[in-house]
There are 2 protein chains.
Amino acid sequence: MSKQLSGDLARADSLAREIFSDIANKWALLIVETIGDSTKRFTELKTEVDGISHKMLTQNLRLLERNGLVTRVVHPTVPPRVDYTLTEPGQALRATVDAMCAWTTRYLSEIEEARSRFGHSS
Amino acid sequence: MSKQLSGDLARADSLAREIFSDIANKWALLIVETIGDSTKRFTELKTEVDGISHKMLTQNLRLLERNGLVTRVVHPTVPPRVDYTLTEPGQALRATVDAMCAWTTRYLSEIEEARSRFGHSS
DNA sequence: CGGTATCCCCCGGGATACTG
DNA sequence: CAGTATCCCGGGGGATACCG
């Protein structure tokens, strides 16, 4: 089954592949992870997702919104206030991102070691 | 705990973040997924990971090798033959990518619908 | 066959400024 | 505060050619 999935996505099987390509980029995933189960304002995300530029943030938020992963609520106040929240699909994706994050920390040392080994091979 | 992870990675907490940025790109993930639990040659990957260029493939394979996610075995034959296999860390990552793939197919219809809704809002 | 190197173009994405 | 628009540069990444 997982082999089936792999085949479906590795090959340009249309929509699934397109979505995967949209989602599988660090900014989108970091944003999803940062929103988590809470509700975040634009500026909160801007400061919490370290290193992201204003442009990349809006761009990726639009992307996520377009794919129905986040809801965007505009409060008609002044100054304006916009809240972002994960939808149910977004939450489901977040679970997998959590797994990736866990993986990263779990294998930190192994990776570090692999890197040093790789350095002086040649 | 997952909130902790989120914080650690969203902020530029050095190494973990760097690794995440390396890994969280579509080509690397698709390659991992494509190798799966088997052993693949360069050309196999080239044809199976649809749309990837020669350059991107080698580049990402080096990246994965450097981080200890794949092993690269060169057979000193002629013509040469190189086999790529996932290491244990690589397999572990693959499990999470499987989850992302499953997510994609699971929510295909929802996403499709979200997109059409997004289209005629303005 | 697999890898490296070179060329070169295009666009990702940062910085800045302006609207509501 | 949030978003859009404009400018502009660097490098991502494709195409091609050449080694082992």
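This one's a predicted model, so the numbers in the text were calculated from it and none came from an experiment.
- When rounded to the nearest whole Å, the span between NZ of K55(B) and C1' of dG14(D) equals 7 Å.
- Rounded to an integer number of Å, the gap from L57(B) CG to dG14(D) P is 11 Å.
- Computed from coordinates, the Q59(B) CD to dG11(D) P distance equals 14 Å when rounded to whole Å.
- As rounded to whole Å, 13 Å separates atom P of dG13(C) from atom CG of L30(A).
- Below the 3.5 angstrom threshold, one finds no donor paired with an acceptor across the side chain of H54(A) and the base of dG14(C).
- Taken from CD1 in I23(A) to CG in L29(B), the straight-line distance is 12.0 Å, to the nearest 0.5 Å.
- Rounded to whole Å, atom P of dG3(C) lies 11 Å from atom CZ of R41(B).
- Distances were taken from every side-chain heavy atom of P79(B) (C-beta onward) to each of dC1(C), dG14(C), dG3(C); the shortest belongs to dC1(C).
- Cluster annotation: L64(A) is connected to L57(A) through the hydrophobic network of ILVMFWY side chains, with a link wherever side-chain heavy atoms come within less than 4.5 Å.
- Residues T85(A) and T39(A) bring a donor and an acceptor atom of their side chains to less than 3.5 Å of each other.
- Taking atom NZ of K26(A) as the reference point, atom P of dG12(D) lies 11 Å away to the nearest angstrom.
- A close approach under 4.0 Å does occur between a side-chain nitrogen or oxygen of Y84(A) and OP1 or OP2 of dG3(D).
- Atom CZ of F42(B) and atom C1' of dG20(D) are 15 Å apart (whole Å).
- Listed candidates were dT4(C), dC1(D), dT4(D). Nearest to the side chain of T58(B) is dT4(C).
- Between the CE atom of M56(B) and the P atom of dG12(C) there is a distance of 14 Å, given to the nearest Å.
- Ring orientation note: the planes of F42(A) and Y84(A) are tilted relative to one another, at an angle of 30° to 60°.
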